[in-house]
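Data first, discussion second: the structure below is written as structure tokens.
Atom set for the values below is all heavy atoms of this structure, side chains included, hydrogens, waters and symmetry mates excluded.
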Amino acid sequence: MTSSTRETLPQDGSQHILEVDQLHRRCGIYTKPPVVHRILDAVNWRSEFDLSQATLLEPAAGDGEFVVEAGLRLVDSCRKHGRSLRARVLTPRIRAFELHPREVQRARTRVKEALRKAGLPYPTAESCANNWIVESDFLLADVPSDVFTHTVGNPPYVRWSKIPTNLKAKYTTEVPRDLRGGDLFLPFLDRALAALRIGGKCGFLCSDRWRYMGFAEGFRRRWLSRLDIHSEEALLSEEAFDRSVDSYPSILIASKRASEKRETQAFSIRRTWTLADLGCVIKVGPALGHTPAFVLQAEEDDVEAELLRPWLDSSEIKEGHIAWQGRRVVALHDDDGSLLELDRFPLLATRLGHHRESLSRRSIVRAGAPWYRSIDRVRAVDWSRPKLLLPELAKLPRLAIDESGAIPSHGVYAIFAPDDDVEAIYELLGLGKLAKALEGISPRVKGGYVRCYGRFLKMIHVPR
């Protein structure tokens with residue numbers, strides 16, 4: 001297997017090198033060796049298998065941690081299975097891309113040193129290092145489709161808006177429109193999966209945001225029906241990375257399957273309904289911006305009673321029933337959506353005045369909103385109908401019927417049924433059936449919690 005590129009880093013392009021360095025500082029977070037070993041084990045890039053005809057792709061090599069371990073396993077495999085250790089046999093087996101010239105040299109040096117210690121002659125070790133580590137931008141490179149048996153790695157994680165200007169312009173010409181504007185790891189995953197052959201395995205350390213964020217909708221549509229997902233294991237960032245970062249990584253292990261299976265899946269889906277098919281509406285509770293100002297504890301009574309409605313958070317939602325603790329929230333908006341005028345409600349004005357300093361520091365106020373406005377509109381009429389409530393995050397997804405007109409917190413979703421027949425929807429999803437419906441759709445995150453985001457709820461199917 002050979003590799004050609006549409007773009008290689010210019011040695012004299014100072015502005016380009018500057019942007020590459022900026023990008024690397026933002027997302028050059030490397031994987032700890034134990035996690036590298038776990039991923040390679042999970043995709044069966046192991047020495048007990050004959051890897052002499054396998055091909056491994058890594059889209060972002062960094063300092064070479066994945067390549068070093070994969071290369072050592074390849075050498076060990078060839079020895080165990082009586083295969084040649086000549087450069088012509090070894091060099092086509094691994095291809096790893098790295099954009100930063102300094103990291104390319106570090107990775108090649110590490111590979112050479114590791115292979116020399118493993119007993120390979122210097123020319124073979126050098127040839128492997130130079131061929132395995134390609135100095136090029138994976139998103140701009142000419143990567144063949146459907147050829148690799150394995151693809152692994154830790155794709156760069158940085159918001160699209162933080163990509164340096166000229167690099168972003170180049171990516172815009174190459175990256176599909178529906179993969180722009182979110183996070184850079186997504187087009188990396190997309191290209192890596194396209195390069196994987198049918199039946200090939202992938203193992204990535206990445207954010208699970210592709211599962212539920214709007215920017216990944218096109219990616220989900222393109223790939224969910226073509227992947228057999230074997231596991232998605234959430235990790236603490238300190239377990240996964242070589243330095244402290246504020247992220248929630250997971251290990252995605254999957255196999256690529258033929259697109260023809262979409263027909264079988266579609267046939268199965270046609271025999272079920274989504275909640276939208278049933279006429280349900282899904283809403284999340286309003287974001288307040290400063291809960292102590294707007295939510296009264298059970299013993300508090302310092303706001304006009306006509307403005308208050310029961311308020312619930314996820315802890316009060318049990319399977320099949322509500323355990324309300326007596327808290328109430330201020331409905332700050334009239335039925336027409338207009339914000340209340342404080343001079344009409346002196347008790348409310350006094351209470352909010354005690355919180356004015358905190359309320360005024362919020363970004364919506366700095367952007368010009370009235371100082372006492374909640375982030376989202378809080379209108380009693382929006383929540384007065386019977387509804388099913390469920391926590392946004394739960395170890396075991398659970399549902400409860402609410403007929404009190406309660407307004408849920410921002411960590412709670414509500415399902416409104418046609419003709420207010422919430423009992424019928426509870427029959428379909430209550431008593432543990434919601435958890436089963438979310439299997440394979442919603443990933444478990446740190447602590448074993450399941451995300452019950454609205455996007456996932458819209459994806460589930462229930463029997464007709």
Side-chain angles (χ1 to χ4, degrees), residues 1-5 8-9 23-24 27-46 51 54-75 77 90-112 114-115 128-157 184-197 200-207 240-242 249 251-256:
M1 180 181 62
T2 60
S3 174
S4 60
T5 62
T8 10
L9 285 176
L23 185 64
H24 181 265
C27 58
I29 314 296
Y30 295 155
T31 314
K32 286 186 174 180
V35 177
V36 170
H37 294 189
R38 285 165 63 180
I39 291 175
L40 291 173
D41 285 344
V43 300
N44 289 337
W45 188 270
R46 305 200 303 253
L51 302 177
T55 49
L56 182 140
L57 168 69
E58 188 190 2
D63 65 352
E65 191 66 49
F66 273 96
V67 181
V68 167
E69 181 62 23
L72 291 175
R73 292 179 180 214
L74 171 63
V75 170
S77 169
L90 298 176
T91 56
R93 307 277 65 85
I94 296 174
R95 190 69 72 240
F97 291 82
E98 174 51 45
L99 177 61
H100 199 292
R102 184 191 66 235
E103 299 306 289
V104 168
Q105 294 308 313
R106 287 182 61 192
R108 286 175 175 170
T109 298
R110 292 189 64 199
V111 169
K112 280 187 283 188
L115 295 182
C128 287
N130 291 339
N131 281 276
W132 288 350
I133 311 289
V134 178
E135 186 177 328
S136 181
D137 190 325
F138 179 68
L139 294 185
L140 304 177
D142 184 13
V143 181
S145 298
D146 302 310
V147 298
F148 292 90
T149 60
H150 301 73
T151 178
V152 298
N154 170 11
Y157 186 83
L184 189 60
F185 80 87
L186 201 62
F188 270 77
L189 289 185
D190 179 74
R191 293 208 83 199
L193 291 172
L196 193 64
R197 69 170 62 168
K201 281 194 168 184
C202 68
F204 293 110
L205 178 67
C206 63
S207 166
F241 302 117
D242 65 349
I251 297 175
L252 170 66
I253 304 297
S255 298
K256 185 177 178 180

- [ ] Search all heavy atoms of T55 against all heavy atoms of F148 and return the closest pair with its distance.
- [x] OG1-CA, 3.2 Å

Task: Any residue meeting salt bridge (charged side-chain N to carboxylate O under 4.0 Å, His left out) with K256, in chain and number order, not counting sequence neighbours - done: D146

TODO: Taking all non-hydrogen atoms of both residues into account, name the closest pair between G62 and A107 and its distance.
DONE: O-CB, 3.8 Å

TODO: For the pair R110 (side chain) and Q105 (backbone), establish whether a donor and an acceptor sit closer than 3.5 Å, ignoring hydrogens and angles.
DONE: no

Task: ring pair (Phe, Tyr, Trp, His ring centres under 6.0 Å) against F188, all qualifying residues, sequence neighbours excluded - done: F138

Open item on the list: Checking T31 now: which residues fulfil side chain to side chain donor-acceptor pair (under 3.5 Å) with it, not counting sequence neighbours?
Closed with: N154

Task: Test item: F66 and L205 side chains (from C-beta on) under 4.5 Å apart, heavy atoms - done: no

Task: Pairwise distance CG(L139) to CG(L184) - rounded to 0.5 angstrom - done: 5.5 Å

- [ ] Report yes if some heavy atom in the side chain of R197 is under 4.5 Å from a heavy atom in the side chain of T149; otherwise report no.
- [x] yes

TODO: Hey, could you give me the CG/CZ distance between N131 and R108, rounded to the nearest 0.5 Å?
DONE: 8.5 Å

- [ ] Would you give the length of the straight line joining atom CG of L99 to atom CG of D137, rounded to the nearest 0.5 angstrom?
- [x] 4.5 Å

TODO: Could you tell me which residues satisfy side chain to side chain donor-acceptor pair (under 3.5 Å) with E103, sequence neighbours excluded, listed by chain and number?
DONE: Y30, R106

Task: Smallest separation among heavy atoms of A54 and R93, with atom names - done: O-NE, 2.6 Å

- [ ] Hey, could you give me the CH2/CG distance between W132 and L115, rounded to the nearest 0.5 Å?
- [x] 5.0 Å

Open item on the list: I need the C128 SG to L90 CG distance, nearest 0.5 Å.
Closed with: 4.5 Å

Open item on the list: Donor-acceptor pair, distance only, cut-off 3.5 Å: does the side chain of R191 make one with the backbone of A141?
Closed with: yes

Task: For T109, side chain to side chain donor-acceptor pair (under 3.5 Å) partners two or more places apart - done: none

Under 3.5 Å, sequence neighbours excluded: what are the donor-acceptor pairs made by side chains of residues 34-45?
from: H37; atom 1: NE2; to: E69; atom 2: OE1; distance (Å): 3.3
from: R38; atom 1: NH2; to: E233; atom 2: OE1; distance (Å): 2.8
from: R38; atom 1: NH2; to: E233; atom 2: OE2; distance (Å): 2.4
from: D41; atom 1: OD1; to: R73; atom 2: NH1; distance (Å): 2.7
from: D41; atom 1: OD1; to: R73; atom 2: NH2; distance (Å): 3.2
from: N44; atom 1: OD1; to: R46; atom 2: NH1; distance (Å): 2.9
from: W45; atom 1: NE1; to: A70; atom 2: O; distance (Å): 3.0

TODO: Measure the spacing between CZ of F185 and CG of D190 and express it to the nearest 0.5 Å.
DONE: 11.5 Å

- [ ] Taking side-chain contact (heavy atoms from CB on, under 4.5 Å) as the test, write out the residues that go with A96, two or more places apart.
- [x] E58, A61, V67, I133

- [ ] Please determine which of K201, R95, H150 meets the side chain to side chain contact (heavy atoms under 4.5 Å, CB included) test together with L56.
- [x] H150

- [ ] Of all the heavy-atom pairs spanning A114 and V68, show the shortest one and how long it is.
- [x] CB-CG1, 3.8 Å

Open item on the list: Strictly distance-based, threshold 3.5 Å: is any side-chain N or O of S136 a donor or acceptor partner for the main-chain N or O of F97?
Closed with: no

